[in-house]
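Some notes on the structure that comes next.
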Amino acid sequence: EKRNSVALEHGAHRLGKRSDTFMETWRNYGLGQFIHWGVYAIPGGHWDGKYYPGAAEWIRSWKEMPKDAYDNLYKQFDPKAFDAGKWADQAKDMGAKYVIITTKHHDGFCLWPSKYTDYTIAKSPYGKDIIGQLVEAYDARGIDVYLYFSIIDWNHPGYRSSLKDDADRKEYETFKTFTRNQLVELLERYPSTKGLWFDGSWDKAWIEQAAFADELGRELRDMVPGLIIGSRFRADENGNRHFDTNGDMMGDYEQGWERKMPETIADTHGNDWDCVMTIPENQWGYHSDWKGHVKTGNELIEMLVKAVALDGNFVLNFGPDGQGNIRPEETRLAAEMGAWMDKNHEVIYGCGYLDWKKQDWGYYTVNRKTGKKYMVVFNTPVSGALRVKTPSKTKLETVYLLENPDADIAIEEIHRNEYFIHYQPDTPSDKPFVIVMETTGSA
Ligand code: JFZ
């Protein structure tokens, strides 16, 4: 692989992973909560008796949605049930170590009282700063806050998705200033922010702003020590996003895993990464009437474990309704994950990839600091024999069930560096279970 073959001014500014303690903290989260909330929660995927099949937070772009009606929804935004502490408690009970909150989605509506536009929570009947309440509630529970910010802003007069002439370019300058001002404002208002989760950065107009975005990133990083920004923020001077012209990632972690996951460690390019996931198929904001497959608790737990096993974080999305209620289906799933995390969180927090041959029963994880190794079993073989292949010179000495260290379980060495672990649950378990492994020899 040829590296740095082209000299770039606005490409990656670092090769390889960040090694500071801020990024260490990020890497060790394992599980996060995503919140998509805005005025789109009011129509909830319906307008005028018609059903919008797309993602509810995109309803403004639907041909059946009158733009004017949408842009006046904020006059009805009065979420009487909103209780920041309740959302944060639920995140905590689920086991989330960080939260990503939409400060402003593509529609441009601001959940904080921005002084740079009137299209904010301050002008709604609700009136109070929502981001401020959430930051305080999550901070108080030790859950790190990351702010989601959409570059796309359908409300700002200077916003363009592409720049066709000088008039567009002139207008877009006002939008760039506005974008910069809002981001500085957010970090000034909420200085405990650990990072920014950018979105809506795929417009041609924005891709052409490599120098501006690079400088803005630098300015924001100067404001908050250790600030974390993913790869979905800026493009290089050749218009390459996420990865620059030389194939090097721009930003602190790969932000391309959206409702999909890497299959192997090779797919991750050795980068830090997060996977953001919806519970239904593709709904981020509140849609009152989910259609299609809704993920089960076990599916979500498997995604979480898989993410950690491949050195990533898993971030599960919640879309509260127009009154500020988290829907019952989401609350139930959060509780189901939380119950599993209660017993098994040590295979998640601080853990990552173990370089052993993957087996069909599930996933290995390893604690990065202590080296403690785990098997998370999702598929129990009918034989009751779980295969483990160790690297040369590594000997499997002891295994025990995390939940019940006295349970009957035995190791049989079947070849050099190959073992069967004989274990059959008395009653077939309806949740993945964990086996702790102790080894001798090299890691
Ligand atoms: C974006 C938004 O448009 C969407 O509403 C939601 O906020 C989500 C988290 O982000 O949607 C995307 C962004 C990127 C990809 C797909 C959907 N992608 O890279 O494949």
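Order of appearance sets the numbers: ligands from 1, and atoms from 1 within every ligand.
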- With a 6.0 Å cut-off on ring centres, are Trp197 and Phe34 close enough? yes
- Task: Using side-chain contact (heavy atoms from CB on, under 4.5 Å) as the criterion, list what pairs up with Ala81, not counting sequence neighbours.
- Result: Gln323, Asn325
- Task: Return each pair, listed once, that meets salt bridge (Lys or Arg N to Asp or Glu O under 4.0 Å) where at least one residue sits in residues 340-364; pairs must be two or more places apart or across chains.
- Result: Glu346-Lys372
- Note on the structure: Residues with a heavy atom under 4.0 Å from ligand 1, by chain and number, are His36, Glu57, Trp58, His105, His106, Tyr148, Asp199, Trp202, Arg232, Glu258, Trp284
- State which residues pass side-chain contact (heavy atoms from CB on, under 4.5 Å) with Lys369; sequence neighbours excluded, sorted by chain then number. Asn367
- Query: Counting N and O atoms only, with roles assigned by atom type, does the side chain of His105 sit under 3.5 Å from a partner on the main chain of Asp107, one being a donor and the other an acceptor?
  - Reply: no
- Do Arg327 and Trp290 meet the cation-pi criteria used here (NZ or CZ under 6.0 Å from the six-membered ring centre, within 45° of the axis)? yes
